[in-house]
Amino acid sequence: MSTKTTIDRLCEHVGQSVTLQGWVHKTRSSGKIAFVIVRDGTGLCQCVIEKNEHTEPFFETATHLSQETALEIAGTVRADERAVGGHELDTIGLAVIHAAQDYPITPKPHGIDFLLKQRHLWFRSERQYRILRIRHTLVNAIRSFFNDNGYILIDTPIFSPSAGEGTSTLFAVDYFGEPVYLAQTGQLYVEAACLAHRKVYCFGPTFRAEKSKTRRHLTEFWMVEPEIAYAYLDDVIGVAEDFICSVVQRVLSQHRADLVELGRDLAPLEAIRKPFCRLTYDEAVEILHGPKARELLEADLTQKNARIAELIAQIEQLTETQRTAKKKWQQEKAAQDIQAAREERAELEEQVANIPHHIELAANFQWGSDLGGSDETIISRLHDRPVFVTHYPKEVKAFYMRIDRTNPKRVENFDMLAPEGFGEVIGGSAREEDYDRLLERIREDGLPQEPYEWYLDLRRYGSVPHGGFGLGVERTLAWLCSLKHIRETIPYPRMMGKIYP
RNA sequence: UCCCCGAUAGCUCAAUCGGUAGAGCGAGCGGCUGUUAACCGCUAGGUUGUAGGUUCGAGUCCUACUCGGGGAGCCA
């Protein structure tokens, strides 16, 4: 029996015979030679089986291995540039552990609805494998940043007796006959803890019952929320800045190849460094009303329309090619190209249809309302680094945010917009530390005082300026990997109307 | 909750003016000495989302519903 090893360690065994335990990822055969690409959870390895080196039945078995069949395969390790990963196995023998039949996810494209129903199998696909490994690194980087900088982990409850910021967006649960809610933030709890430990953070799932069906929303997602005592708005923003730089560096240093394989342009990530851009809400509104926002979207419109025209011409030409091509494979190639062009065109047309609406939303933006998704996209695309937007009108923000003492219509909050149009990934603020002001805000929002007595206690006993923020893990990962949709960033996405598997 | 788009083979998609539902992938069989979504030939595979309507005739037109995608609002 040869040494058992894993694909990531093949370089240590060149010239030796080893055994891999894995699954059949793909196969190809050509009469006298067969290639079995084996996946073992650490990488991919091409196993070569030459007919004249084996018995007829063995070769027969090897050429009929079906996708995702579990197997042990033994062979001699050889370095070869033609193989994925740089090493291949000159196969000596193999044992089928479980023969898989009719694996649903084929090497051809699939629709998102189908893939989400196959999420439990989709993990095995190369792209999903990479994304979830980057997620692992991101989560680790987040934990390391706080652990290495003196923050204490405080786990906050998932059952909440009261609504954090209003009841409309929460999931109600029956708790021994009492209605309680799934937590939409751990913030209030972590505020209490920062007065004990100075610097704390919580990291867990949060739940929002918003009926949003967009590429940026999940009903269950992971959020990390640091909270710091004796901190003002600028201190908290500074932490957010260091934090983002730290996790971006970590992901970049450990996953260059993965990011490139995912089609991520590394340059914008490499450009992430302090200081980030800072805008007040008023300045952001000015940008939206100004010529730059309009010019950006109009340029977008022209560019996209030009591309659509290009695609239409291309489709026509391809249709002609398809009709006149003599070889069958040429016709099929043309058919595939047509399909790809049609898809791109459909997506662009949808975007183009939305642009006038986005122009209008920006131009008619009312001072006092919250920035919309398209507005955030505009602001973030007009800057090449993350942007902090600060000092929103208090009416659109939560009761616990600190009133700006120099301008009481504003609160000392900030949102961080990721670059390249990815939009909000962080929301944070200084917290109102003054008892009377806080109570007034609770009353203004029409909230009952009784459930917040414990929270008010924090302002009765040794209240200090403090603040923190929340970062959405999935949105951050979508930005880092440059993914169109957030649903690929979490193992089991929970969305409106989707809860399988 | 509102607006736009869609639903055809296990999967991804075609089907011109309303006129006999077709490809590729996957599956099965055969061929090919190094393939990278390999390639080539053959075989099997269909209640066109559901319920009505218009018509000599509906995948195609109309109405309602169901499910999905994108966007708005809301948000991380």
Side-chain angles (χ1 to χ4, degrees), chain A residues 25-37 44 46 48-52 64 66-67 80-84 88 101-118 126 165-166 168-169 184-185 206-219 221-225 319 322 327-329 331-333 335-336 338-340 342-343 346-347 349-351 353-355 357-358 360-361 369-376 396 398 415-418 422-428 469-479 484-487 495-498:
Chain A
H25 189 61
K26 285 182 220 172
T27 59
R28 286 182 294 275
S29 73
S30 85
K32 297 198 174 153
I33 188 161
F35 301 96
V36 180
I37 310 294
L44 293 173
Q46 171 164 283
V48 186
I49 300 141
E50 287 189 63
K51 192 175 186 177
N52 57 20
H64 286 86
S66 51
Q67 204 185 346
D80 193 312
E81 279 180 5
R82 292 171 293 187
V84 270
E88 63 178 18
Q101 279 183 353
D102 298 326
Y103 184 69
I105 304 176
T106 66
K108 292 287 169 174
H110 295 280
I112 190 63
D113 188 36
F114 174 79
L115 289 169
L116 285 175
K117 281 180 183 146
Q118 309 292 337
E126 285 175 60
E165 309 170 13
S168 60
T169 61
Q184 66 162 348
T185 170
T206 61
F207 306 89
R208 306 270 165 100
E210 285 149 6
K211 293 190 172 171
S212 305
K213 280 166 59 174
T214 80
R215 59 185 65 186
R216 301 148 51 84
H217 284 86
L218 296 167
T219 53
F221 63 95
W222 284 67
M223 187 157 71
V224 60
E225 297 174 277
T319 310
Q322 193 187 15
K327 296 269 167 51
K328 197 174 174 188
W329 69 266
Q331 291 174 15
E332 275 158 19
K333 175 78 165 61
Q336 277 171 22
I338 289 170
Q339 196 174 312
R342 274 185 181 152
E343 269 169 36
E347 201 181 316
E349 278 175 347
E350 201 163 285
Q351 287 173 11
N354 282 325
I355 288 175
H357 187 206
H358 291 165
E360 205 179 315
L361 281 172
S369 47
D370 210 345
L371 295 175
S374 58
D375 303 322
E376 287 177 355
V396 296
D415 283 348
M416 197 199 87
L417 311 180
F422 277 90
E424 186 176 353
V425 295
I426 287 182
F469 62 86
L471 169 124
V473 170
E474 289 76 17
R475 282 189 181 177
T476 304
L477 189 58
W479 162 47
K484 271 201 310 205
H485 204 297
I486 200 174
R487 64 196 155 200
M495 291 172 287
M496 194 183 146
K498 267 213 171 83

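Order of the sequence lines sets the chain letters (A, B, ...), proteins ahead of strands, with each chain counted from 1. Not measured: the values here are computed from a predicted model. Atoms considered below: every heavy atom in the structure, side chains included; atoms not considered: hydrogens, waters and symmetry mates.
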Test side chain to side chain donor-acceptor pair (under 3.5 Å) applied to A:Glu349 - qualifying residues, sequence neighbours left out: A:Arg345

With A:Glu474 via side chain to side chain donor-acceptor pair (under 3.5 Å) - residues at least two apart: A:Arg135

Partner residues of A:Asp113 under the side-chain contact (heavy atoms from CB on, under 4.5 Å) criterion, sequence neighbours left out: A:Lys117, A:Lys498

Helical stems, RNA chain B - three or more consecutive Watson-Crick or G-U wobble pairs below 3.5 Å: B:1-7 with B:66-72, B:10-13 with B:22-25, B:27-31 with B:39-43, B:49-53 with B:61-65

Sequence-distant partners of A:Ala418, side-chain contact (heavy atoms from CB on, under 4.5 Å), two or more places apart: A:Phe422, A:Val425, A:Trp479

Under the ring-ring contact (aromatic ring centres under 6.0 Å, His included) test, residues paired with A:Phe35 that sit two or more places apart: none

Sequence-aligned protein contact record of nucleotides 65-70 of chain B, with B where the base is within under 4.0 Å of a protein heavy atom and S where only the sugar-phosphate is: ---SSS

By side chain to side chain donor-acceptor pair (under 3.5 Å) - contacts of A:Glu126 (at least two apart): A:His25

Sequence-distant partners of A:Ser66, side chain to side chain donor-acceptor pair (under 3.5 Å), two or more places apart: A:Thr69

Those residues that, when tested against A:Phe114, pass ring-ring contact (aromatic ring centres under 6.0 Å, His included) (two or more places apart): A:His110

Nucleic acid footprint by protein, nucleotides 43-48 of chain B - heavy-atom cut-off 4.0 Å, B for base, S for sugar-phosphate alone: ------

Letter per nucleotide, 5' to 3', of nucleotides 28-37 of chain B [B base touched, S only sugar-phosphate touched, - untouched; heavy atoms, 4.0 Å]: -S--BSBBBB

